[in-house]
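Structure record follows, encoded as structure tokens.
In what follows, chains are A, B, ... by sequence order, proteins preceding strands, each numbered from 1.
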Protein chains: 2
Amino acid sequence: MSVVDDVRSLILGGQYAPGDRLGEVELAEALGVSRTPVRDALRRLQSEGLVDITANKGARVVEYPRQDLETIFELRARIEGLAARQATALATPQDADALHEVAVAIREHAERGDQDAVYRLNAEFHQSLVRLGSSAVLAQSISSLIHSAVLLRTYSSFDEEAMRRSVNHHIEIAAAIRAGDPEWAEAVMRAHLFSARASLLGPRRQENE
Amino acid sequence: MSVVDDVRSLILGGQYAPGDRLGEVELAEALGVSRTPVRDALRRLQSEGLVDITANKGARVVEYPRQDLETIFELRARIEGLAARQATALATPQDADALHEVAVAIREHAERGDQDAVYRLNAEFHQSLVRLGSSAVLAQSISSLIHSAVLLRTYSSFDEEAMRRSVNHHIEIAAAIRAGDPEWAEAVMRAHLFSARASLLGPRRQENE
DNA sequence: TGACAAGGGGTTGCATACAATCCATGAATA
DNA sequence: TATTCATGGATTGTATGCAACCCCTTGTCA
């Protein structure tokens with residue numbers, strides 16, 4: 001396990017909340033290494049979009065303003081919509097099965113109320129899908145957008161109905177991919193993300209009250 | 001000018017081609033600093049998607065396989081399409097004017113055959129637009145996709161007609177934004193990117209001969 | 001002649017020391 | 001009392017030394 005992965009886990013795991021300072025010596029001592037690999041890790045996480053570094057002032061976990069979050073979900077709908085569409089052509093039946101497995105596991109953990117597992121598996125579901133639909137290179141450059149939802153602790157603001165919707169979307173997406181239907185897959189993925197946005201950010205069109 | 005920016009310029013400027021090794025000592029000597037800041041820079045550029053680092057084997061400039069390039073342009077059409085759409089609402093008249101200025105400058109340099117300037121200004125046009133349409137945070141996480149085109153030395157494979165199209169697209173996009181017409185702006189942006197993809201990668205549907 | 005193993009040069013990974021910068025605290029003065 | 005400036009601690013930025021690793025070369029043996 002590399003130091004980058006360790007620090008990323010600390011952030012995504014919630015040990016450090018958005019806005020928290022990430023001191024180099026503090027992290028180095030916590031992980032039992034010197035400052036050098038920690039600095040490496042922070043630099044990389046900055047470009048991954050998880051960390052915000054100001055010269056001579058150190059690193060903090062990024063905070064997304066509300067407007068950015070609106071845009072992020074709009075973007076994810078487009079990007080992951082494309083990924084879902086392409087995955088119908090590129091994924092093997094085994095890939096589709098694996099995706100279905102994850103979707104089912106999410107449902108089970110959700111029913112049991114195990115939120116940590118749901119976070120983790122949800123990120124895994126989305127990352128795998130993007131990887132299937134495009135490539136590892138692209139998946140990496142998009143991962144920060146997917147992480148943004150995790151940073152938000154998405155599901156804490158989901159009510160029961162929203163959670164049920166989300167869980168079912170995952171399974172439906174896996175089904176669409178197994179069926180090889182690109183339009184269906186893309187449409188469900190878009191619905192999935194817009195539904196999450198609504199639960200997270202509340203009703204839109206606050207402008208024309 | 002930071003070391004990261006220096007190294008990025010070396011890559012985007014073409015001093016290092018895709019696949020080239022990026023030795024730490026070599027870069028450090030060239031830039032007159034020690035290995036430490038160079039290492040920082042390479043780690044960051046890795047997550048920006050510009051370099052590829054393998055443990056104990058060093059860094060190389062990334063190479064995108066053809067299939068990835070197809071996907072990259074498809075993605076950019078969706079992402080920058082959204083950016084163009086949103087920019088119509090968010091950009092001030094000054095922003096639109098500035099964009100127009102850049103578009104005109106691109107035309108002038110293109111007529112004069114100054115490809116280096118065209119590369120640079122083109123990247124600036126797209127980056128500014130994304131920044132206008134979303135936010136600095138998002139623009140950064142998308143920049144690697146825009147860079148991929150620069151890495152390709154896009155315009156070297158453009159014929160005269162394709163170049164004219166590209167140049168006019170930029171101006172038209174600025175016009176659509178100034179007119180505040182989101183559909184128009186998004187449509188032109190998509191055309192712009194699909195046209196570039198066609199020039200770069202040749203005709204599609206090679207599968208059904 | 002071919003294959004495999006040992007050695008050596010070179011490169012990266014990590015740790016530590018020092019320099020530069022920032023920020024907060026407190027004292028001195030208007 | 002409020003403001004400014006200086007000073008100190010704390011934190012980041014950079015340099016350098018050493019250890020670990022990879023790969024190429026070379027030599028030996030079948």
Among residues at least two apart in sequence or on other chains, which ones pass salt bridge (Lys or Arg N to Asp or Glu O under 4.0 Å) with [X]?
X        : result
B:Arg107 : none
B:Glu80  : B:Arg76
B:Arg8   : B:Asp5, B:Glu48

Those residues that, when tested against [X], pass side chain to side chain contact (heavy atoms under 4.5 Å, CB included) (two or more places apart):
X        : result
B:Val33  : B:Val3, B:Leu31, B:Pro37, B:Val38
A:Gln46  : A:Ile53, B:Arg44
B:Ser134 : A:Thr71, B:Val130, B:Leu138
A:Ala185 : A:Ala84, A:Thr88, A:Ala176, A:Ile177

Report summary line: In short, side chain to side chain donor-acceptor pair (under 3.5 Å) pairs touching residues 49-63 of chain A with sequence neighbours left out are none
Report summary line: Given protein heavy atoms under 4.0 Å, the one-letter contact record of nucleotides 11-24 of chain D, with B base, S sugar-phosphate only and - none, is simply SBBBBBB---SSS-
Quick one: side chains of residues 94-105 of chain A, donor-acceptor pairs under 3.5 Å with protein atoms, not counting sequence neighbours, listed by atom name and distance.
| from | atom 1 | to | atom 2 | distance (Å) |
| --- | --- | --- | --- | --- |
| A:Asp95 | OD2 | A:Thr92 | N | 3.0 |
| A:Asp95 | OD2 | A:Thr92 | OG1 | 3.1 |
| A:Asp97 | OD1 | A:Arg178 | NH1 | 2.7 |

Query - Distance-only donor-acceptor check, side chains B:Asp116 and B:His109, under 3.5 Å - result: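 Short answer, no.
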Write down the protein N/O and nucleotide N/O pairs, taken from nucleotides 6-9 of chain D, whose separation is under 3.5 Å; answer none if there are no such pairs.
none

**Report entry** Boundaries of the chain B footprint along DNA chain C (any atom under 4.0 Å from a heavy atom)
**Finding:**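 Nucleotide range in contact with chain B: C:dT11 to C:dG13.
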